[in-house]
**Student:** 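Below you'll find the structure I mean.
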Amino acid sequence: HYKCKYCYTWYKHKEITSKSGFRKSLLKDIKRAKRLGLNDLIVMVSSSTDCLQPIENEYKDTLFALKELLDNDFPILIMTRNPAMLLEKEYLDLIKNPRLFIDVTIVSLHEDDPKSIFYSAIPPLSDRINAIKELSEIGKQVRIKVEPIIPSVNGIQGQTKEELWEMVKIFKNAGVKMIISKTMRLNEDVPPYVYNNYIDYYNKNGYKEGITLALSKEIRKELLTPLFEACKHYEMPFSPCVEVGIF
């Protein structure tokens with residue numbers, strides 16, 4: 001796992017393995033989906049964890065999935081924090097397919113800083129920006145997910161206004177085509193460090209949204225406004241994801 005400090009996925013599932021029978025099951029699902037006429041629907045790879053983690057170097061299950069899905073005419077949306085892997089030769093031939101789209105998650109300019117809430121075991125930020133530039137230059141329309149936006153509470157520093165503006169400028173220069181963002185939701189599955197520092201703030205300033213706590217509309221708008229305004233300034237399309245109606 002990349003072990004993002006604010007993420008529930010690795011904390012609840014500390015060990016990562018290749019799913020037994022994955023390839024056989026995928027081929028079965030592809031055949032059934034085509035029979036039902038569903039192969040015009042976009043397949044997201046992957047929405048709950050990163051499909052290009054280090055384990056991919058050993059098993060190549062993502063490479064297998066991309067090839068089989070594209071060979072069967074499915075459009076694909078890859079969501080990753082490691083876009084450089086897509087430039088390796090065996091992936092590069094596949095990603096040139098116009099039916100393959102790329103979202104890259106970059107949350108902060110401080111992801112390389114071990115003291116930051118945004119630190120994780122991902123490749124250096126400069127490497128990822130360079131990979132995005134290369135992907136853009138070969139014609140891929142890369143979108144960036146700046147999420148979650150985190151409030152500054154109890155000594156934990158979230159993204160600043162200046163940082164968000166600088167990020168949009170960097171993304172624009174790298175050829176990014178859209179920015180997507182949302183604020184952090186809180187539940188008991190996140191690491192204790194995050195939960196214990198934020199639970200009182202979310203109880204006081206938020207509300208229940210399913211099994212999670214979301215901040216009030218006013219606070220979410222305040223947190224997202226610098227990013228929204230920077231996108232307008234740099235003429236970058238902006239999507240507020242689940243924050244529909246904030247602006």
**Student:** Okay, side chain of S152, backbone of G158: is any donor-acceptor separation there less than 3.5 Å?
**Tutor:** yes
**Student:** Test question: given the 4.5 Å side-chain rule for I, L, V, M, F, W and Y, name all other residues clustered with L41, or answer none.
**Tutor:** L36, L38
**Student:** I'd like to know if the side chain of K172 and the backbone of C231 have a donor-acceptor N/O pair within less than 3.5 Å.
**Tutor:** no
**Student:** Indicate yes or no: at least one non-hydrogen side-chain atom of Y198 is less than 4.5 angstrom from one of L213.
**Tutor:** no
**Student:** Within the structure provided, determine whether Q53 and N82 are in side-chain contact (heavy-atom separation under 4.5 Å).
**Tutor:** no
**Student:** Under the side chain to side chain contact (heavy atoms under 4.5 Å, CB included) test against V107, which residue among M184, M167, Q159 passes?
**Tutor:** Q159
**Student:** Could you tell me whether a side-chain N or O of Q157 sits under 3.5 Å from a main-chain N or O of I117, the two making a donor and an acceptor?
**Tutor:** no
**Student:** Taking the six-membered ring for Trp, are F247 and F228 parallel (under 30°), tilted (30 to 60°) or perpendicular (over 60°)?
**Tutor:** parallel
**Student:** With a 4.5 Å cut-off on side-chain heavy atoms, are F74 and N39 touching?
**Tutor:** yes
**Student:** According to a 4.5 Å side-chain heavy-atom criterion applied to Ile, Leu, Val, Met, Phe, Trp and Tyr, with indirect links allowed, do F101 and I144 form part of one hydrophobic cluster?
**Tutor:** no
**Student:** Would you indicate whether K34, at its atom NZ, is surrounded by more than 12 heavy atoms from other residues, nucleotides or ligands within a distance under 6.0 Å?
**Tutor:** yes
**Student:** Is a side-chain donor or acceptor of N187 paired with a backbone partner of I211 at a separation under 3.5 angstrom?
**Tutor:** no
**Student:** One pair to check against side-chain contact (heavy atoms from CB on, under 4.5 Å): L94 and I76. What are the steps and the verdict?
**Tutor:** CA-CA 11 Å; L94 294 175; I76 296 174; over 6 Å; no
**Student:** Main chain of C51, side chain of T62: is a donor-acceptor contact present, judged purely on distance under 3.5 Å?
**Tutor:** yes
**Student:** Is a side-chain donor or acceptor of E243 paired with a backbone partner of T183 at a separation under 3.5 angstrom?
**Tutor:** yes
**Student:** Can we say K28 and E68 salt-bridge, meaning some charged N sits less than 4.0 Å from an Asp/Glu carboxylate O?
**Tutor:** no
**Student:** Give the minimum heavy-atom separation between M79 and S46, together with the two atoms involved.
**Tutor:** CE-O, 3.3 Å
**Student:** Take V242 and R185, measure what side-chain contact (heavy atoms from CB on, under 4.5 Å) needs, and give me the verdict at the end.
**Tutor:** CA-CA 11 Å; V242 297; R185 268 59 178 173; 3.7 Å; yes
**Student:** Can you check whether L77's main-chain N or O pairs, donor with acceptor, with D103's side chain at less than 3.5 Å?
**Tutor:** no
**Student:** Side chains of L164 and E229, heavy atoms from C-beta outward: is any pair under 4.5 Å?
**Tutor:** no
**Student:** Show, in sequence, the C-alpha distance, side-chain angles and deciding distance for L215 and E222, and conclude whether the side-chain contact (heavy atoms from CB on, under 4.5 Å) test is met.
**Tutor:** CA-CA 11 Å; L215 292 168; E222 181 182 350; over 6 Å; no
